[in-house]
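Chain naming here is simple, since letters A, B, ... match the order of the sequence lines and numbering starts at 1 in each.
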Protein chains: 4
Amino acid sequence: MRAGILDAAARLLLAEGMGSFTIERVAELAGASKMTIYKWWPSKGALALDGYFTTVEATLAFPDTGDLEADLTAQLVAFVGLLTGTSAGRVIAELIGQAQTDPELAAAYRHRYSSPRRELAVERLRRSQDSGQLRHDVDLQVVVDQLWGACYHRLLLPDQPLTEQFARDLVHNLMHGLLTPP
Amino acid sequence: MRAGILDAAARLLLAEGMGSFTIERVAELAGASKMTIYKWWPSKGALALDGYFTTVEATLAFPDTGDLEADLTAQLVAFVGLLTGTSAGRVIAELIGQAQTDPELAAAYRHRYSSPRRELAVERLRRSQDSGQLRHDVDLQVVVDQLWGACYHRLLLPDQPLTEQFARDLVHNLMHGLLTPP
Amino acid sequence: MRAGILDAAARLLLAEGMGSFTIERVAELAGASKMTIYKWWPSKGALALDGYFTTVEATLAFPDTGDLEADLTAQLVAFVGLLTGTSAGRVIAELIGQAQTDPELAAAYRHRYSSPRRELAVERLRRSQDSGQLRHDVDLQVVVDQLWGACYHRLLLPDQPLTEQFARDLVHNLMHGLLTPP
Amino acid sequence: MRAGILDAAARLLLAEGMGSFTIERVAELAGASKMTIYKWWPSKGALALDGYFTTVEATLAFPDTGDLEADLTAQLVAFVGLLTGTSAGRVIAELIGQAQTDPELAAAYRHRYSSPRRELAVERLRRSQDSGQLRHDVDLQVVVDQLWGACYHRLLLPDQPLTEQFARDLVHNLMHGLLTPP
DNA sequence: CGATAACCGAGACGGTACGTCCCGTCTTCTC
DNA sequence: GAGAAGACGGGACGTACCGTCTCGGTTATCG
């Protein structure tokens with residue numbers, strides 16, 4: 001029953017987005033009772049998130065070829081591709097949006113998705129820092145916000161397009177700095 | 001009447017957040033009819049945004065002392081201060097959240113707030129680029145995402161704290177790059 | 001809209017009885033919103049009663065031919081005919097049943113139906129008492145319970161059948177007493 | 001287990017009335033499973049009735065002193081006392097109310113309570129009829145409705161109060177008739 | 001200056017979804 | 001192997017807002 005509900009939730013979410021995502025419609029689609037849903041998920045956002053990640057489970061493994069710049073670029077290009085090439089972008093944006101007024105969803109998103117991702121990235125960065133490639137005084141968490149956070153920014157506040165070139169620029173800018181070399 | 005409605009909207013928004021922000025409650029608070037509100041605002045998000053900026057109108061002028069790094073740091077520190085020191089942070093986060101499923105609000109936010117801000121920042125950056133301080137191959141819009149976008153990231157997905165040090169790190173990282181100098 | 005709702009309520013009540021009488025179904029049948037119903041009726045029983053009497057409005061005028069015994073018999077025979085010959089019997093029984101746990105309905109039933117009926121009967125009886133036909137020490141309200149109340153008893157607790165003969169017996173017993181004349 | 005369930009049912013019924021009488025709450029109170037209850041009682045009304053009579057078991061034996069009028073008066077006064085002096089009145093009213101839409105309860109009430117009571121009364125009356133005190137053409141079942149039925153009427157449709165005097169009047173009216181003696 | 005139009009408050013209305021409660025059935029696990 | 005524990009689909013409850021829609025009464029403009 002849990003599986004059926006999650007499946008129905010994912011189907012509804014991908015087909016119609018959070019705007020039409022309703023506990024009643026999920027229950028109907030899943031042939032389940034609303035009570036059953038309320039028993040297991042604290043909010044509709046939490047259900048949407050759970051349904052989304054259970055079926056989609058984007059794996060985006062983090063490459064480590066030794067060339068940090070290439071690895072980061074590859075990862076970010078893939079991330080941008082996911083956000084723009086599939087319906088994942090809209091769904092993630094709507095989930096994050098919902099999370100702003102749904103603490104349960106916010107917590108779930110953090111524990112389930114965003115924290116582990118940050119950690120993966122930090123680990124990869126730390127290896128380069130340990131090998132002396134990156135400066136030792138750099139707070140690697142900040143780096144994450146300047147790369148992936150920048151992508152989320154363009155996803156959520158789409159003033160400017162989210163392109164592969166954007167992903168490449170992010171890495172290049174941050175690696176080499178903006179200042180004209182002396 | 002417009003003024004009264006905007007005032008009521010702002011009061012409600014600051015007092016209870018988007019979760020309780022309802023056109024009916026705004027109408028009641030303002031002593032206005034719902035029809036009047038619908039006549040002037042296309043969605044509750046647009047009203048919330050309008051109410052917020054009409055009363056708060058954060059001005060955050062962009063300094064230009066000639067020292068780009070200092071100017072950016074000052075600006076970002078002030079921005080972080082706004083987001084964390086007042087109720088503006090929560091309100092902005094909830095507005096952006098709402099905008100994910102409210103196209104009217106998204107457009108309004110873009111035209112009214114985020115685009116002009118980007119442009120101000122880009123102009124300041126361009127002056128430094130023109131003067132040769134910044135590399136000429138840098139896309140300045142990307143820089144905006146790597147500074148302000150990173151702040152929004154920590155606002156909307158608060159895995160990591162949004163501190164003054166974070167703001168300083170953003171500028172330093174990006175200006176000088178992460179790579180260990182040869 | 002009130003009229004449409006009352007009509008729908010009456011149709012549902014007569015067609016399916018109180019068991020299926022649901023505010024949601026009335027709303028659906030009437031093409032009305034549940035809120036509209038809740039705005040005007042304090043309970044589903046009150047709505048059922050209102051719907052019932054608005055459309056049925058049993059008039060059962062009280063005859064006064066001068067012959068009390070004949071008048072009472074005629075009235076009671078007609079009453080029994082209404083209770084057994086139409087669907088009114090079941091509906092009234094269910095309304096009274098519902099009223100046992102629905103104070104709003106109980107009050108409505110009393111003011112709207114049962115009190116005026118008692119009064120009509122008492123008036124007719126009083127005329128006979130004034131003319132000396134009935135003993136002056138008789139509490140006429142008690143008489144009502146011994147005639148109509150007895151019918152309700154057989155309606156609500158159907159151990160014994162509710163027949164025309166029963167109606168006739170009620171009047172005869174009470175008029176002449178049970179004791180063997182000396 | 002049966003005993004525990006009946007006890008819980010009775011406690012709940014007396015404490016909160018039929019409005020809050022729920023199979024789930026009885027199960028919880030009794031520490032029993034709902035299945036167990038459904039195995040033994042066909043409806044919640046049947047359970048309520050069973051619980052009520054198992055613990056209360058009003059005995060109200062029927063006196064026979066040879067003086068019919070005194071016996072009937074004593075019995076009815078006691079009956080009215082039960083209905084008004086204890087919580088039995090409300091419970092019985094609610095049970096009869098529930099029975100209007102619960103056939104299982106209606107049947108149970110009839111077999112368990114109302115039929116035997118009628119029979120007791122009829123037997124007492126028949127003895128007086130056999131002894132020539134009562135007229136032979138009187139249908140004794142009708143008499144029951146004109147005495148006890150009248151009390152139920154005032155219980156279920158409380159337009160007029162249910163008093164000891166009422167009980168006395170019932171007997172006197174019916175015994176002696178209403179007509180002014182010639 | 002008085003008629004006439006626009007505007008706006010008030011709030012009713014059909015809807016949709018909410019989150020809760022209880023029904024009657026069922027499975028599971030324990031004693 | 002009976003029974004507690006409780007999950008489950010179903011359906012109604014009463015509430016909150018949505019966005020649309022009349023109503024009147026008050027302004028404010030124009031004849």
Is the closest basic N to carboxylate O distance between K44(B) and D102(B) below 4.0 Å? no
Taking N and O atoms by type only, does the side chain of K34(C) place a donor or acceptor under 3.5 Å from a partner on the base of dG14(F)? yes
I23(A), nearest nucleotide to its side chain (from dC18(E), dG9(F), dC23(E)): dC18(E)
Describe, in one word, how the ring planes of Y109(B) and F53(B) are oriented to each other, choosing from parallel (under 30°), tilted (30 to 60°) and perpendicular (over 60°). tilted
Taking it one step at a time, do R2(A) and D50(A) satisfy salt bridge (charged side-chain N to carboxylate O under 4.0 Å, His left out)? CA-CA 10 Å; R2(A) 258 191 86 104; D50(A) 215 349; 3.5 Å; yes
Round to a whole Å and report the spacing from CD1 of I37(D) to C1' of dC22(E). 13 Å
Could you give the CG-to-P distance, from L12(A) to dT16(E), as a whole number of Å? 16 Å
Take the protein atom CD of E28(A) and the nucleotide atom C1' of dG11(F), then report the distance between them rounded to whole Å. 13 Å
Between A30(B) and A30(C), name the one whose nearest nucleotide on DNA chain E is closer to the 5' end. A30(B)
Using a distance-only criterion (donor-acceptor N/O pair, under 3.5 Å, no hydrogens), is the base of dA12(E) paired with the side chain of T36(C)? no
Choosing from dG6(F), dT20(F), dC13(F), which nucleotide comes nearest the side chain of Y38(B)? dT20(F)
Which sits closer to the 5' end of DNA chain E, W40(C) or F21(A), going by the nucleotide each is nearest to? W40(C)
Over all strands shown, is A27(B) touching base, sugar-phosphate only, or nothing at heavy-atom distances under 4.0 angstrom? nothing
Without decimals, in angstroms, what is the distance between E104(D) CD and dC23(E) P? 15 Å
Between dC13(F), dC13(E), dA5(F), which one does the side chain of S33(D) approach most closely? dA5(F)
By nearest atom, which of the nucleotides dC23(E), dT25(E), dA16(F) is closest to the M35(C) side chain? dA16(F)
Atom CZ of R25(D) and atom C1' of dT20(E): how far apart are they, to the nearest Å? 15 Å
In whole angstroms, the gap separating P of dC22(E) from CD of Q98(D) amounts to 14 Å
Stepwise side chain to side chain contact (heavy atoms under 4.5 Å, CB included) test for Q100(B) and Q98(A): CA-CA 8 Å; Q100(B) 302 312 311; Q98(A) 185 73 214; over 6 Å; no
For the pair made of CD in E24(C) and P in dA17(E), what is the distance, rounded to whole Å? 13 Å
On DNA chain F, compare the nucleotides closest to A32(A) and K44(C); which residue's is nearer the 5' end? A32(A)
Does the ring centre of Y152(B) sit less than 6.0 Å away from the ring centre of Y152(A)? no
Rounded to whole angstrom units, what separation is found between the CE atom of M1(A) and the P atom of dG6(F)? 17 Å
The nucleotide from dG24(E), dC8(E), dA17(E) with an atom nearest the side chain of T22(A) is dA17(E)
